[in-house]
S.K.: 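First, the structure itself, so that you have it in front of you.
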Amino acid sequence: MAMIAISAMGFLLSDGEKRRVRWIRAMRRCLLRMHDAIRYEQPGLSDLLLRIDLRATQQEKELTRLLHRCAKRLCPCESPQLLLFFAEESARLPGYGVLSEEDRAAFEGVLAELGKNRLNEQLRLIDSADERLRAREELLQREGGRRARLIRTLGVSLGAAVFLILV
């Protein structure tokens with residue numbers, strides 16, 4: 001029983017690496033939607049956030065809900081502080097915690113600047129953030145696969161060791 005439990009812990013921990021990649025993909029899709037909306041429709045900030053409706057993965061659904069909650073908080077504000085609202089809302093979301101500071105930096109950097117700059121600057125900022133997230137996604141996919149295999153192997157090995165000790 002202990003062997004199975006420890007092995008399962010290894011598999012559970014290795015799944016965190018995959019979740020990081022899925023969160024980054026969700027952020028990239030969100031940035032793409034923001035880019036298109038800003039370029040063609042030019043909505044206000046809260047309208048922009050409410051127009052994002054991603055539902056392909058669990059991470060996209062959670063990011064959509066998170067941005068919608070931020071948009072609802074922005075409506076009554078005279079000087080919106082989107083990044084502050086996003087930080088408060090994301091702190092309540094346990095799945096967002098799998099991301100490192102480096103993973104979140106590009107996406108949150110865009111949120112800090114949305115609505116403050118001219119249209120072309122916002123589009124350039126979104127493109128730059130998307131490129132950084134793409135590079136981060138590729139790096140995590142390469143390293144994450146190796147790390148996930150290592151964690152699973154360690155879990156199975158520790159489970160076998162505990163089994164041998166208990167026998």
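Count residues from 1 along the sequence. Note that the coordinates shown come from a computational prediction; the quantities given were computed from them, not determined experimentally.
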S.K.: Between atom CG of Leu125 and atom CG of Asn120, what is the distance when rounded to the nearest 0.5 Å?
M.R.: 12.5 Å

S.K.: Identify the two heavy atoms, one from Pro43 and one from Ala37, that lie closest to each other, and give their separation to 0.1 Å.
M.R.: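 Where Pro43 meets Ala37 most closely, the heavy atoms are CD-O, 3.4 Å.
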
S.K.: Between atom NE2 of His68 and atom CG of Leu50, what is the distance when rounded to the nearest 0.5 Å?
M.R.: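 Separation between the atoms: 5.5 Å.
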
S.K.: Holding to side chain to side chain donor-acceptor pair (under 3.5 Å), I want the full list of residues that pass it with Gln42, two or more places apart in sequence or in another chain.
M.R.: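 Side chain to side chain donor-acceptor pair (under 3.5 Å) check on Gln42 returns nothing, list empty.
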
S.K.: With sequence neighbours left out, write down each residue that passes side chain to side chain contact (heavy atoms under 4.5 Å, CB included) with Ala56, or none if nothing qualifies.
M.R.: Arg29, Glu60

S.K.: Mind checking what makes salt bridge (Lys or Arg N to Asp or Glu O under 4.0 Å) contact with Glu121, not counting sequence neighbours?
M.R.: Arg118

S.K.: Applying ring pair (Phe, Tyr, Trp, His ring centres under 6.0 Å), which residue pairs with at least one partner in residues 93-113 are found, sequence neighbours left out?
M.R.: Trp23-Tyr96, Phe86-Tyr96, Phe86-Phe107

S.K.: For Asp53, enumerate each residue passing the salt bridge (Lys or Arg N to Asp or Glu O under 4.0 Å) test, keeping only those at least two apart in sequence or located in another chain.
M.R.: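 Result, salt bridge (Lys or Arg N to Asp or Glu O under 4.0 Å) vs Asp53: Arg55.
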
S.K.: Going by side chain to side chain contact (heavy atoms under 4.5 Å, CB included), name the residues that satisfy it together with Glu102, two or more places apart in sequence or in a different chain.
M.R.: Ser100, Arg136

S.K.: Side chain to side chain donor-acceptor pair (under 3.5 Å) with His35: which residues, sequence neighbours excluded?
M.R.: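 Partners of His35 under the side chain to side chain donor-acceptor pair (under 3.5 Å) test: Asp127.
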
S.K.: In the structure I gave you, are the side-chain heavy atoms of Asp103 and Arg20 within less than 4.5 Å of one another anywhere?
M.R.: yes

S.K.: If I take atom CZ from residue Arg19 and atom CD from residue Gln58, how far apart are they, to the nearest 0.5 angstrom?
M.R.: 11.0 Å

S.K.: Test side chain to side chain contact (heavy atoms under 4.5 Å, CB included) on Ile38 and Leu123 and set out the steps.
M.R.: CA-CA 7 Å; Ile38 289 172; Leu123 294 175; 3.8 Å; yes

S.K.: For Arg142, what residues pass the side chain to side chain donor-acceptor pair (under 3.5 Å) criterion, not counting sequence neighbours?
M.R.: none

S.K.: Do you know which two heavy atoms are closest between Cys30 and Leu67, and how far apart they sit?
M.R.: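 The pair with the smallest heavy-atom distance is SG-CD1, 3.3 Å.
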
S.K.: Can you confirm whether Leu48 sits close enough to Arg33 that some side-chain heavy atom of one is under 4.5 Å from a side-chain heavy atom of the other?
M.R.: no

S.K.: Any salt bridge (charged side-chain N to carboxylate O under 4.0 Å, His left out) pairs touching residues 36-49, not counting sequence neighbours?
M.R.: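 Qualifying pairs: Glu41-Arg51.
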
S.K.: Which value, rounded to the nearest 0.5 Å, describes the distance between Leu84 atom CG and Leu111 atom CG?
M.R.: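 Spacing of CG (Leu84) from CG (Leu111) equals 12.0 Å.
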
S.K.: Using the test side chain to side chain contact (heavy atoms under 4.5 Å, CB included), find all partners of Ala129 that sit at least two apart in sequence or belong to another chain.
M.R.: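 Ala129 satisfies side chain to side chain contact (heavy atoms under 4.5 Å, CB included) with Leu31, Ala106, Val110, Arg132 only.
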
S.K.: Grab the two heavy atoms, one from Gln122 and one from Lys116, that are nearest each other, plus how far apart they are.
M.R.: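 The pair with the smallest heavy-atom distance is NE2-N, 4.2 Å.
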
S.K.: Measuring from atom CD1 of Ile126 to atom CG of Leu114, what distance do you get when rounded to the nearest 0.5 angstrom?
M.R.: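 One gets 5.5 Å once the value is rounded to the nearest 0.5 Å.
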
S.K.: How would you list, by chain and number, every residue that makes a side chain to side chain contact (heavy atoms under 4.5 Å, CB included) with Glu89, sequence neighbours excluded?
M.R.: Leu66, Arg69, Cys70, Arg73, Arg92

S.K.: For Leu133, run the side-chain contact (heavy atoms from CB on, under 4.5 Å) check against Arg25, Met27, Arg104 and tell me which one passes.
M.R.: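 With Leu133 as partner, side-chain contact (heavy atoms from CB on, under 4.5 Å) holds for just one option, Met27.
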
S.K.: Applying side chain to side chain donor-acceptor pair (under 3.5 Å), name anything that partners Glu138, two or more places apart in sequence or on another chain.
M.R.: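 Partners of Glu138 under the side chain to side chain donor-acceptor pair (under 3.5 Å) test: Arg134.
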
S.K.: When you compare the side chain of Gln141 with that of Ile24, does any pair of heavy atoms fall below 4.5 Å?
M.R.: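 Contact flag for Ile24/Gln141 side chains = no.
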
S.K.: Consider only side-chain heavy atoms of I, L, V, M, F, W and Y, link residues closer than 4.5 Å, and tell whether Leu45 and Tyr40 are in one cluster.
M.R.: no

S.K.: Side chains of Leu32 and Asp130: does their closest heavy-atom pair fall under 4.5 Å?
M.R.: no

S.K.: Are the side chains of Leu63 and Leu93 in contact, using a 4.5 Å heavy-atom criterion?
M.R.: no

S.K.: Taking all heavy atoms of Ser46 and all of Ala71, pick out the closest pair and write down the distance.
M.R.: O-CB, 3.6 Å

